[in-house]
There are 2 protein chains.
Amino acid sequence: MTLNGLPHHRGGAEELARLLARALLAGHWQPGDAFPRELDLCTHFTVSRNQVRNALASLTATGLIERTAGRGTVVRAVTDWHLLDPLMSEWMVGLADPDPQLVREIFAFRYSAEPVVAGLAAEAAAAADLERLEAAFQGMTRTASEPAARGLHAEYDVAFHDAIYLASHNLVWRQMGHLLRPSIIALIESSQAHVHQEHESLDDSLARHGRVLEAIRRRDSAAAERAAREVLRRTAIDLGIVDAPAIPHPDPKESP
Amino acid sequence: MTLNGLPHHRGGAEELARLLARALLAGHWQPGDAFPRELDLCTHFTVSRNQVRNALASLTATGLIERTAGRGTVVRAVTDWHLLDPLMSEWMVGLADPDPQLVREIFAFRYSAEPVVAGLAAEAAAAADLERLEAAFQGMTRTASEPAARGLHAEYDVAFHDAIYLASHNLVWRQMGHLLRPSIIALIESSQAHVHQEHESLDDSLARHGRVLEAIRRRDSAAAERAAREVLRRTAIDLGIVDAPAIPHPDPKESP
DNA sequence: GCCTATTAAATGTCTGACATTTTGGCAACC
DNA sequence: GGTTGCCAAAATGTCAGACATTTAATAGGC
C-alpha cells in the first residue's frame, strides 16, 4: 500500500505514530511488506525526519514494524505484535474496523481471565473497592431505563469492569485492566449496536452484573467467578460470537 | 542518588537504557526524586545526547520516569510501571535483588493465571504442542538425577511452562508467556537455591509437572487447572512465600 | 502584598552532514 | 562459466550545534 489514502495531521510525532499504527492495525499492509522510507514519510506528511524517526521508534517498540540499517523497514506479523503494550491499547480506541480475528482473540482472553480476577476481587476487595463497584453498578441501573443515556450507561459499564480489576489488588492485573479498557469499550459499544437493546437483553445484562457485585460483597470467590463468566457470556451472545472457535465452551463442569 | 555508583558500558543506547532501568528497578531512586539531567548523563557516560535521549525515551515508554519540558525528569512510582512491557521483562533478567514485594505480586499473578492457561491448553493443544510439552518434560526427567545438570534442568523447566502458554493458542496468553519468562527463570533458580534440592522436593516437583502434562494430553481441562495449581504451590513452598498475604489461599472450594 | 516581566534551566525540535549496514551489479580472475 | 572481490547506491543510524519551548524562580514596579 502507498501513503495516498492516509489523512494529514496537525503535528507531533505521537499523532503521526498513531496514524501509521492504525493503518497497520487495519491491515493496510501485509506482513513482510516494505514500509515507506523515512524521507518519503517526511515529504508526504511535511514533517522533519526527527518526528518520523520518533514515530517509527514507537512502532518498532510495539513490534508492528522491524527496521534494519541498509535494508529498510518491513511490517511484522500479528504474532509479533506487543498486544500488552499500553501504546497499542491507546491506538486501538475507536478503531473503525479492527481485525475480527484479533477481536475474538482478545475477547477469548478476557473470557478466561476476568472470572479469575473477579474471584481475586472477592478475596481482596477493600471498602473503597466495594464503593467503586457499587457506584458503577448504581450508575448502570439509573441509566438503564433511558435510551438517551446510552453513552453514559456504557461509561458506567466500563467503570464497573475497571473496578473489578482494581479490586484484585494485584499490580499486574491492574495493568491488565488498564490495557483491556479500549477493548471493553469497543465491545460494549459494539454489543449495544448489534442487539437493538430491547429491555430484555439490557435487564438481563444488568442482573448478571449485579450478581458479580453481590458475590464480591459476600467475599464468595467461587460465586464471583461464575457470575463474571455469566456476564461475559451475555456479551458474547449479544455479539453473536459465542460459537467462534477461539472461545472455549462456557462451563465444562456443567456438562461432563 | 547520584551516578557515581553506576558502571560504565560498551556503548549503544539500548545498553544505557538497560543500565539505568536496572538501577531504577533496584530502587536506587525514590518515586518523585529528580533524575539526572541529559547533559549530566552525557558527560558521565561519555555518549552523545542522542543516545541519552533514546535511552530516556525507552524509560519513559515503560513508565519508569516522566519527563516534561522545562521541569526535568522525575522517577515514577511502582504502580505506574508498565510491568507488561517486553522491555521491562528484558531488563528484569538476572536482576540481583529485585523488590521482594514486586516478586510476590508477579508470583501471585502467575498463581492465578497459569492454572487457567493450563485449562485452555487442555482444550486447544495440537499435536505439536503436546510434542513440545513432552520433550520439555522428558528433558526435566533426564536431568533430574544429576546434580551437575542443574542449569539444564532449569532450562527444560522454563520450556515446559512456555509450552503451556503456547498451547493455549491465544495471542494474548502467548505474549504473557513471553513476558513472564524472566520471572519464571528467576523463580526456578531462586527455588533451587533456597531448598537444597533434596531428592524429595525435586521428585515431588517433577511428579506435579507430569500430572499437568498428563491432564493436557487427556484434554481434561479441570484436571489440568488443578495440576498446574499444584505445581505453583510446590514452588511457593520451596520459596517460603506460601504464607505471603498477596497469595490467595490454595483452593477455597476445598474448605468452604 | 500582589501582579508582571525577566531570566535561567531544563527538555524538545530542527537541520545538515556524516557513518554504517545491506544489497546488488559489474568486472576480473580461475 | 562460475566464483570471487570490489565498488556504488540506498537505506537506516549517529552526531553536533543551534534554536525553540516550557517551566519555575526571581526581581521589580505599582
Side-chain angles (χ1 to χ4, degrees), chain A residues 1-3 8-21 23-24 29-76 80 87 90, chain B residues 1-3 8-21 23-24 29-76 80 87 90:
Chain A
M1 179 199 170
T2 66
L3 294 168
H8 283 239
H9 65 133
R10 294 175 321 224
E14 280 186 18
E15 192 169 329
L16 178 55
R18 184 183 134 92
L19 200 87
L20 296 172
L24 285 162
W29 282 274
Q30 292 300 313
D33 280 4
F35 200 74
R37 299 165 302 190
E38 290 183 351
L39 292 180
D40 289 343
L41 293 169
C42 290
T43 59
H44 183 80
F45 293 105
T46 45
V47 293
S48 69
R49 197 157 88 101
N50 235 333
Q51 306 270 25
V52 169
R53 284 187 61 77
N54 285 339
L56 293 183
S58 294
L59 301 188
T60 306
T62 48
L64 287 174
I65 60 175
E66 185 178 9
R67 319 191 66 202
T68 47
R71 197 145 56 97
T73 304
V74 298
V75 333
R76 303 182 69 179
D80 295 322
L87 276 177
E90 210 175 288
Chain B
M1 180 197 168
T2 66
L3 296 169
H8 282 240
H9 66 131
R10 294 175 322 222
E14 280 186 18
E15 193 169 328
L16 178 56
R18 182 182 135 92
L19 199 86
L20 296 172
L24 284 161
W29 283 275
Q30 292 300 313
D33 280 4
F35 199 75
R37 299 163 302 189
E38 289 182 353
L39 293 179
D40 289 343
L41 293 169
C42 291
T43 60
H44 184 78
F45 293 104
T46 45
V47 294
S48 69
R49 197 157 89 101
N50 234 332
Q51 307 269 26
V52 169
R53 284 186 62 77
N54 285 339
L56 293 183
S58 295
L59 301 188
T60 305
T62 49
L64 286 174
I65 60 175
E66 185 178 11
R67 321 191 65 203
T68 46
R71 201 148 56 98
T73 305
V74 298
V75 335
R76 303 182 67 178
D80 296 322
L87 277 177
E90 212 176 287

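Protein chains get the first letters and strands the later ones, always in sequence-line order, with residue 1 at the start of each. The model shown is predicted, which means the values in this text are computed figures rather than measured ones.
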ask   = Does a nitrogen or oxygen in the side chain of A:R67 sit under 4.0 Å from OP1 or OP2 of D:dT12?
value = yes

message = I want to verify a distance call: between C:dG12, D:dC15, C:dC14, whose nearest atom is closest to the B:E38 side chain?
response = C:dG12

inquiry  = Only Watson-Crick and G-U wobble pairs, only distances under 3.5 Å, only runs of 3 or more: what stems does that leave for DNA chain C?
reply    = C:1-9 with D:22-30, C:11-19 with D:12-20, C:21-30 with D:1-10

ask   = What do the steps show when you test A:L39 against A:R49 for side chain to side chain contact (heavy atoms under 4.5 Å, CB included), and what is the final call?
value = CA-CA 7 Å; A:L39 292 180; A:R49 197 157 88 101; 4.0 Å; yes

message = Without decimals, in angstroms, what is the distance between B:L16 CG and D:dC15 P?
response = 11 Å

message = Just the rounded figure in Å: distance from P of D:dG13 to CD of B:E14.
response = 11 Å

inquiry  = I need the CG-C1' distance between A:L41 and D:dT12, as an integer number of Å.
reply    = 13 Å

query = Knowing that exactly one of B:V74, B:L24, B:L20 qualifies, which makes a side chain to side chain contact (heavy atoms under 4.5 Å, CB included) with B:I65?
reply = B:L24

ask   = Between C:dT13, C:dT11, D:dT12, which one does the side chain of B:R37 approach most closely?
value = C:dT11

query = So does A:R49 reach the base of D:dG13 with its side chain, donor to acceptor, closer than 3.5 Å?
reply = yes

key: Shortest non-hydrogen separation from A:A55 to A:A13 and the atoms involved   = CB-O, 3.7 Å

Interatomic distance where CZ belongs to A:R71 and C1' belongs to D:dA11 [whole Å] = 11 Å

message = Tell me which one of B:L64, B:L16, B:L41 satisfies side chain to side chain contact (heavy atoms under 4.5 Å, CB included) with B:L56.
response = B:L41

message = In this structure, how many angstroms lie between the P atom of D:dT12 and the CG atom of A:N54, rounded?
response = 15 Å

remark   = Rounded to whole Å, the CD-C1' distance (A:E66 to C:dT21) equals 14 Å

query = Between A:G70 and B:F35, who's closer to the 5' end of DNA chain C by nearest nucleotide?
reply = B:F35

message = Ignoring hydrogens and geometry beyond distance, is the side chain of A:R53 in donor-acceptor contact with the base of C:dT15 at under 3.5 Å?
response = no

query = Quick one: A:N50 CG to D:dG17 P, roughly how many Å, whole number?
reply = 17 Å

Gap between atoms CG and P, on B:L56 and C:dT13 respectively (whole Å) = 14 Å

Selected nucleotide, minimal atom distance to A:A69 side chain, candidates C:dA9, C:dT15, C:dT21 = C:dT21

ask   = Counting just side-chain N and O atoms, does A:T68 come under 4.0 Å of either OP1 or OP2 of C:dT21?
value = no

key: Atom pair CD (A:E38) and OG1 (A:T73), whose distance is rounded to the nearest 0.5 Å   = 7.0 Å

